[in-house]
Amino acid sequence: MSPLPPAEQQSATLDDDARPNTPHGPDTARARAAVRGGAFAYFVDQFDIYLPIVVLAPATDYFQSAHLSASTTALLASLVFASTLIGRPLGAIIFGHFADTVGRKRTTLVAVGGFGVITLITACLPGHETIGTWSVGLLIALRFIDGIFLGGEYTTAVPLAMEWSPRHKRGLNASLITSTSPAAYAMIAALTLLLLQALPSTGLHSAYVQWGWRIPFLVGAVLAALLFRYYLTQVHEPPPEYTGERHKLPLARLLVRYPKSLAQVFVLMTGTWLATNMEAAVTPGQLKEHLLLSSKQVTLTMLVINVSAALSYPLFGLLSQRIGRRRFYIGYGLSVMVIGAGSYALLMVSDGGLGTALGWGVMIGVFTVGTFGPIAAYLTERFPASIRSTGYGVGYSLALIAPAFYQFYLRQFDGVMPSHLAPAVLIALAGALIAFGGFLGPETRDVDMADDSTIPKLA
């Protein structure tokens, strides 16, 4: 038998690989590898992001002077987290450009290698006792650089996974990827709880404050190394028709041709990140300062909140596949306004101790951050193939900036209402933005990712 011509060989290869977005095509080894890689990448990404919130909270004295006021200490702690968030949009722009012009896989490898090295360096930082204020300054600077690489990682890995996913499985696959975010938080909380149980944590010279906090950062660096190896050996670039014609300036193309799409995604994601910051960054402090839970009880409560969120994501992904992304986001945003904000307020006015906190924590976990369930599918469906990584990354990350200054917004409520209730107001605002953003956008569930002409316009 004579060999097939090159063009027919390529067509046969695509048929064997079961073109990723055909409505009924079976999963292939490459598609499954890409989705697993996306889930693993998102897990490692989120593990790294949440490290300072959970792990460093009991070790604040290591990086800061004990003579600082409580408000200054809280501000510096928020800057450690905010610096990561601020770096992510820059990373999305940089790495989105190369993902759309060079390739998804190679760009992912650079991003993963970068944040793995930064995480390892962070684990080796000296403290305030050794180098003074340089300690917290270096921590904030490293987290900013880390944010750039982290912003690059999900900008490349998630679109790659969605482009390989069959159309009818995008909602589920997206939710399996994003459910690793609360799962990562839960793993960090469990690891921190174990370390706090095993190591003394009271005082500057306690074992946890001096070196125990470094262990989760070392774990994060090892996870990054494993992720790098997985992408190097297991993940392939999507077929060319699913990554589109390459443009020299994908960001310019995004801003010139799709500004309304970007603005709509910006509204939805601003609400998403505002709710996330209230749940992930503000809640632990309120549990400790207002409800007077111990560090171990706070960690356990946050563990329950994030396990609840992780379990809800696949349900939300399937729901969005059934009723459509647009209707899901409108409905979920309204649920955040009523159930999410209400559950947070009721928790803060309760006096039932740990049991009550765990009960309301389940509701908070399900009805504050569930937007992320189908978000990987929705944002990749919103932008055409040729600028998909740039559109996804910038849309996902640009909205991080305003919510990153949540401490400033919370302070505006001083004298207007008790500080422990102010986060509930911002959660309600976040829900309104999510619902409005969903309302402004089109339905995307059945988009053919290989055809730029099928990308829907605003409703």
Side-chain angles (χ1 to χ4, degrees), residues 47-87 114-150 185 187-224 280-282 284-289 292-299 302 404-408:
F47 186 94
D48 199 298
I49 285 172
Y50 291 129
L51 274 174
I53 296 178
V54 182
V55 174
L56 296 184
T60 302
D61 290 346
Y62 182 79
F63 293 98
Q64 301 182 33
S65 170
H67 302 296
L68 294 176
S69 66
S71 60
T72 302
T73 299
L75 178 61
L76 289 173
S78 70
L79 284 176
V80 172
F81 183 52
S83 62
T84 311
L85 302 184
I86 295 170
F115 75 70
V117 170
I118 297 297
T119 303
L120 181 61
I121 294 173
T122 304
C124 303
L125 278 178
H128 183 274
E129 195 175 34
T130 304
I131 60 174
T133 55
W134 280 102
S135 181
V136 68
L138 285 173
L139 176 62
I140 292 171
L142 285 172
R143 293 303 296 177
F144 173 73
I145 299 171
D146 200 47
I148 294 175
F149 285 110
L150 291 169
Y185 195 116
M187 179 177 172
I188 296 171
L191 179 57
T192 304
L193 191 63
L194 179 63
L195 289 170
L196 290 173
Q197 191 73 29
L199 301 174
S201 59
T202 304
L204 174 61
H205 297 287
S206 63
Y208 184 88
V209 173
Q210 286 296 313
W211 58 267
W213 64 267
R214 303 179 194 273
I215 295 174
F217 280 86
L218 292 173
V219 171
V222 171
L223 287 173
V282 175
Q286 292 293 346
L287 291 173
K288 187 172 185 177
E289 295 169 14
L292 304 179
L293 300 184
S294 68
S295 293
K296 294 177 183 178
Q297 290 174 326
V298 170
T299 304
M302 294 307 299
F405 297 97
Y406 57 87
Q407 285 289 355
F408 173 78

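By convention here, the first residue in the shown sequence is residue 1. All of these numbers come straight from a predicted model, not from anything done at the bench.
- Annotation: the span from L196 atom CG to L191 atom CG amounts to 9.5 Å, rounded to 0.5 Å.
- Using a 4.5 Å heavy-atom cutoff, the side chains of L287 and M302 are in contact.
- G116 approaches A224 most closely through the heavy-atom pair CA-CB, 3.5 Å.
- To the nearest 0.5 Å, atom CG of residue L125 and atom CD1 of residue I131 are 7.0 Å apart.
- For the pair V222/L218, no side-chain contact is recorded, criterion being any heavy-atom separation below 4.5 Å from C-beta on.
- Checked against R143 for a side-chain contact (heavy atoms from CB on, under 4.5 Å), the options T84, I86, L138, I118 give a single hit: T84.
- Put simply, the side chain of Y62 gets close to the backbone of G127: a donor and an acceptor are under 3.5 Å apart.
- Take F144 and apply the ring-ring contact (aromatic ring centres under 6.0 Å, His included) test, not counting sequence neighbours, and it matches no residue.
- Between the CG atom of L51 and the OG1 atom of T192 there is a distance of 8.0 Å, given to the nearest 0.5 Å.
- In this structure, the side chains of T299 and P58 stay at 4.5 Å or more apart for every pair of heavy atoms.
- Using a 4.5 Å heavy-atom cutoff, the side chains of Y208 and V55 are in contact.
- With contacts defined as side-chain heavy-atom distances shorter than 4.5 Å, the pair T122/R214 does not qualify.
- How far CG of D48 is from CZ of F217: 7.5 Å, rounded to the nearest 0.5 Å.
- One distance of note links CD of Q297 with CG of L292; it measures 10.0 Å at 0.5 Å rounding.
- Considering only heavy atoms from C-beta on, F149 stays 4.5 Å or farther from T119 through its side chain.
- Atom CH2 of W134 and atom CZ of F63 lie 15.5 Å apart (nearest 0.5 Å).
- For S135 (side chain) and G132 (main-chain N/O), no donor-acceptor pair under 3.5 Å exists by modelled atom type.
- In this structure Y185 satisfies the ring-ring contact (aromatic ring centres under 6.0 Å, His included) test together with Y50, sequence neighbours excluded.
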